[in-house]
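What follows is a single structure, written as structure tokens, with notes after it.
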Amino acid sequence: MDVGRHLHYCPPGSPFFDLPAAAHTDEDDFPLAHEEPPPGWTRRGGTEWIGISPPDSEIPGQGWKIHVSATPDNAEDILATVRKYCLEGGITFKFLRSRAVLESRNSKYGDRSASGKFVTIYPLDEARLALILSELDDLLGGREGPYILSDLRYRSGPLYVRYGGFLLRTVRADTGELVHCVEDPEGRLVPDHRGPGFRPPAWAPLPDCLAESAAARNSGTLEDFPYRVTSAVHFSNGGGVYRGTDTRDGADVLLREARPFAGLVDGEDAVGRQQREHWALERLAGLDCIPRLIDFRKGREHYFLVREYAEGEPLAKEMIRRNPLAGENRSPEAFTAYTEWALRILGLVEEGIASLHARGVVFRDLHPSNILVRPDDTVVFIDFETADSVDSPARQTMGAPGFTAPAEYRGPAIDRYALGCLRLAVFIPLPTLLLWGPEKTEDLIDAVLTHFPVPADFADTVRRDLGIEADTTCPRPTADLRPDPRENWPALRTEIIDGILATATPDRQDRLFPGDPEQFATSEGGAAFAYGAAGVLWSLAEAGASVPAHLTDWLVAATHALDRPSPGFCTGLSGIALALDRLGRAETARALVSQVVADLGTESGSADDTLLSGASGVGLTLLHFARSTGEGALLDEAVRLAERITAGPAGSPDGRTRFGLLRGPAGRALFLLRLYEATGAPSFLEHAHTALRQELTHLGWKGDHLPESAPGRAPLLAVGSAGTGMVLHDFVTHRPEAELIRARDAILGSTRRRFVAQTGLFHGRAGTLVALRHMVDGTGAQKNGAEEESLRLHVDGFALQTVRLDDRPAFLGHEAMRVSTDLATGGAGVLLALNSALTDGGPSLPFFRRSGLAPRTGAAS
């Protein structure tokens, strides 16, 4: 999930990510959401939809469905009209239950394919489809609403039509996700396309009543539009951003598209914001830091603002690429050079903002992604869709996390606040920490002063821009990481454990612990190992906590309630089984393993070979249980699984080049290495070697070094080299190949960088620390002064992204936007990493303890 999607799961007033609907109450609902249907009718309520069905309703499994679009202003009236019509006609329908849900779905970061869908109607056949469309068009035709991108519009709207499933039918894709399906003429379940484009199945001919609509759609062109799109830059629910060419003179241009009634932010749609940008660019014409406005016009039903294409890289990218904290050159000269560059850029930004204000314009969305650094190191501002006049009394309604001014700020003070945030972020790119109180602001200032030779008045300048006073009374954690953290670790470990347990919500069915929004993406998420309860409880047990029985009971109940769960490790039954085994529920865990084994021969079983969701994670789980139970049949199953994945083509299910322990060949190499250790069969070591070679190629390994520009250079577990280094470290104990040792050492070197943006295990510092500890312990490299310093720096580095929640330490998840306790992104992963680093023989990741099974005579090879 990107930042925009994560914002969708940030309910106001909560320190945790949560479902958007969880912040809504019955008082938000449309009155008709609670009005009982006629006797005999069925009403089904959910967090977003209300469904109404007539007596003895038997709708087909799929067909042409009708969607009714609406705006927040006309939704209640449209609902009353549609409800009355459907009740009188005995027609099944459903509708969004509240204005808040409708606004969320039509918001800037809402799902583009779902935007505009307010009411869904299910005609029994094509004849009734035609009748309903005709009659409802008489009642609603021409009403305003967002264009539904996935559908074919009927006449002037707000009625839209698409072919799709009426009843829920799913299959598990190669990626392990459940995919909505329809049935083709041969009776096979195939994906029900729900993307932002009208794509009915080839075997579903268009009904006659839609011929006129299809002809109108196909004949639509952008008349007299002198620009040719060459590539898409970005999409949001409000429209697209495209690079293009002016056909009149060949100039490079940028086109910003705006969809009416879509991309809502605080009630304003994308067209309203584009009009703001047009106004601002006209007022600022001629300034060197502003791209030239070329055109503003309507093309069919969408609006397009055209400006010159500004060459340059986003400051957000440059301040990471150049910053020595994020690299491995820690010389004083590197920090001095970066400081000089950053202060020069900040000076240009400050001058540019002053020029905007002199022209009567407040930017109101100043952040590093809206500042381009040109090749000559000058700056240009982009994206003025929230700009306003300097004397406007309006507060800031939209802004990047960490750069949005407090509600009481107005006019130029909004930009000054963002400039203060930028002064910190350009050195320590963690601006969202400012959301967590004045003590975090002071922590950031202290971090900048500690690492960079900034001017003596730097702190005062930041505070002036932010509009705050120096706080000399900020409380500090009572159990922070002391100069010798081993002395303080037992007390801190207890605090972290108690803090995680205090967040448990056993009364909820969807999740037990607050974590990343990924836990809401699949039915298994709230229970699964990566983002759900299994990983949290396993980590607590590994760290020596006494896990309350009722929390383990919750995990068992949630697992039994799953419908056709994935067998995968991080995302499904295998990881849950490992956790329950560690929690003392061996019988339940073994039953889950039996279910996994039964699934291996079905279409739903381990379609990919990854550690995250596929065969490698399943195979490693089988090896764990073969060791713990002594059942040779499980080892045989693991052998058969390995033979299956080594016989087939290597690669990711979607054909993309993947790297990292979770999705790349490194996960496969780990499984095959552990299988070699369990069986002694040399072929598995050879296959592990092949997988590691493939992984290094994907990472960008050049034979003797891993360049800074390599795609997998970052020392992260999920999308970097850290996990690969761990597997290499274990592999070279069996085959000490010189190049693989060099690769391991190069990855080890990359773990020494001081700055890691996230704290979590999969994408942040916790994973880096686990990998570093693993590679300097045991068989292989031994700790020296550099590794000891790196371990200490990473341990200390967690303090900056630690907050106090109910007077206990808690750890910030994605982009420091909310607290997370899960294994992948939050406190459970941090607990695991710190315990590994600060405890001799402390636990590491699953499967990084060799199985201990003796080679079996005659084992398959």
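Between the side chains of Glu257 and Tyr303, not a single donor N or O lies within less than 3.5 Å of an accepting N or O. With no hydrogens or angles considered, a side-chain donor-acceptor pair links Ser150 and Lys117 at under 3.5 Å. Using a 3.5 Å distance cut-off with no hydrogens or angles, the side chains of Thr386 and Arg273 do not pair a donor with an acceptor.
For Arg276 and Glu268, the salt-bridge test passes: some basic side-chain N is under 4.0 Å from an acidic carboxylate O. A salt bridge is absent between Arg105 and Asp111; no separation between the charged side-chain nitrogens and carboxylate oxygens falls under 4.0 Å. The pair Glu350-Arg416 meets the salt-bridge criterion, since a charged nitrogen lies less than 4.0 angstrom from a carboxylate oxygen. A salt bridge does not link Lys108 with Asp266: none of the charged nitrogens is closer than 4.0 Å to a carboxylate oxygen. Looking at Glu282 and Arg359, no side-chain N of the basic residue comes within less than 4.0 Å of a carboxylate O on the acidic one, giving no salt bridge. Of the charged side-chain nitrogens involved, at least one lies within less than 4.0 Å of a carboxylate oxygen, so that Asp77 and Arg143 count as a salt-bridged pair. In this structure, Glu385 pairs ionically with Arg256, as a charged nitrogen and a carboxylate oxygen lie closer than 4.0 Å. The existence of a salt bridge linking Asp18 and Arg818 is excluded, since no basic side-chain nitrogen approaches an acidic carboxylate oxygen closer than 4.0 Å. By the 4.0 Å N-to-carboxylate-O rule, Arg364 lies too far from Asp383 to be salt-bridged with it. By the 4.0 Å N-to-carboxylate-O rule, Glu313 lies too far from Arg321 to be salt-bridged with it. With respect to Arg508 and Asp510, a salt bridge is recorded, a charged nitrogen being found less than 4.0 Å from a carboxylate O.
The shortest distance between side-chain heavy atoms of Phe363 and Leu419 does not fall below 4.5 Å.
In this structure, the ring of Phe427 has its center less than 6.0 angstrom from the ring center of Phe458. Aromatic ring centres of His67 and Tyr160 lie farther apart than the 6.0 Å criterion allows. Checked against a 6.0 Å centroid threshold, the rings of Tyr9 and Phe16 do not count as neighbours.
Shown here for Val119 and Leu79, the closest heavy-atom pair between the two residues is CG2-CD1, 4.5 Å.
Here CG of Leu102 is found 5.0 Å from CG of Asn106. Values are rounded to the nearest 0.5 Å.
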